[in-house]
Amino acid sequence: MEKTYYERVYEVTQQVPYGRVTTYGAIADYLTLGAARMVGWALNKSFSSGEDVPAHRVVNRKGELSGRHHFPTPTLMEELLLQEGVRVEDNVIQDFKSVFWNPSEELV
DNA sequence: CGTTTGACGGTCC
DNA sequence: CGGACCGCCAAAC
């Protein structure tokens, strides 16, 4: 049973360190998916997959909480990030590059 | 089975 | 700096 591409997305997302975030594109590039859209789609499925995936640590390349609308509540994503010490303002992560976690470089 | 959509990204204007 | 457009690939319709 080979892992499907979205199962790999779950693994990478689960490995994102506390207080750090990554982008759809970074994951897509790390997994060589070729399409960042697939990451978002995979994470979307994660809700019904039963897996505990910290999808709130994944944002778009601008650091915007573009996926907040897919959470149980639109404010949950921002609150979770704030709890982890990530500065979020107007649905945008502040000092994004400082909390950005690149799997291609920091993940072995 | 052809068309539309989507938690994106990069380029172009 | 921001809006418009195209490309990515899989799933839903």
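Side chains included, hydrogens not; waters and symmetry mates left out as well; all remaining heavy atoms used. Reminder, nothing fancy here: chain letters follow the sequence lines and each chain counts from 1.
Using the six-membered ring where Trp is involved, A:F47 and A:F71 have ring planes that are perpendicular, over 60° apart on the 30 and 60° scheme.
Among the atoms of the strands shown, base atoms are found under 4.0 Å from some heavy atom of A:A55. Here A:Y6 lies out of heavy-atom contact (under 4.0 Å) with every strand. Using a 4.0 Å heavy-atom distance criterion, A:N44 is classed as a base contact. Contacts of A:L33 with the nucleic acid, taken as non-hydrogen atoms under 4.0 Å apart, involve only primed sugar atoms and P, OP1 or OP2.
The NZ-P distance, from A:K62 to B:dT11, rounds to 14 Å in whole Å. Remark: C1' of B:dG9 and CD of A:E64 are 12 Å apart, rounded to the nearest angstrom. A:R57 places its CZ atom 22 Å from the P atom of B:dA7, with the value rounded to the nearest Å. When the C1' atom of B:dG6 is taken as reference, atom CG of A:N60 falls 14 Å away, rounded to whole Å. For the pair A:N91 CG and B:dA7 C1', the computed distance is 13 Å after rounding to whole Å. With rounding to whole Å, A:L31 atom CG is found 14 Å from C:dA10 atom P. Put simply, OH on A:Y30 is 21 Å from C1' on B:dG9, counting in whole angstrom units.
With hydrogens and angles left out, the side-chain atoms of A:E78 and A:H56 include no donor and acceptor closer than 3.5 Å. A donor-acceptor pair shorter than 3.5 Å cannot be found between the side chains of A:N102 and A:E106.
Regarding contacts with the backbone of B:dG10, a side-chain N or O of A:R61 is found under 4.0 angstrom from either OP1 or OP2.
With B:dG6, B:dG9, B:dA7 as the choices, the nucleotide that has an atom nearest any side-chain atom of A:H70 turns out to be B:dA7. In the set C:dC8, B:dA7, C:dA10, C:dA10 carries the atom at the smallest distance from any side-chain atom of A:M38. Ranking B:dA7, B:dG9, C:dA10 by closeness to the A:W41 side chain, first place goes to C:dA10.
No salt bridge links A:R20 with A:E84; every basic N to acidic carboxylate O contact stays at or beyond 4.0 Å.
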_Before you tell me yes or no, could you show the steps for A:T13 and A:T22 under side-chain contact (heavy atoms from CB on, under 4.5 Å), namely the whole-Å CA-CA distance, both residues' side-chain angles and the distance that decides it to 0.1 Å?_
CA-CA 8 Å; A:T13 306; A:T22 189; over 6 Å; no
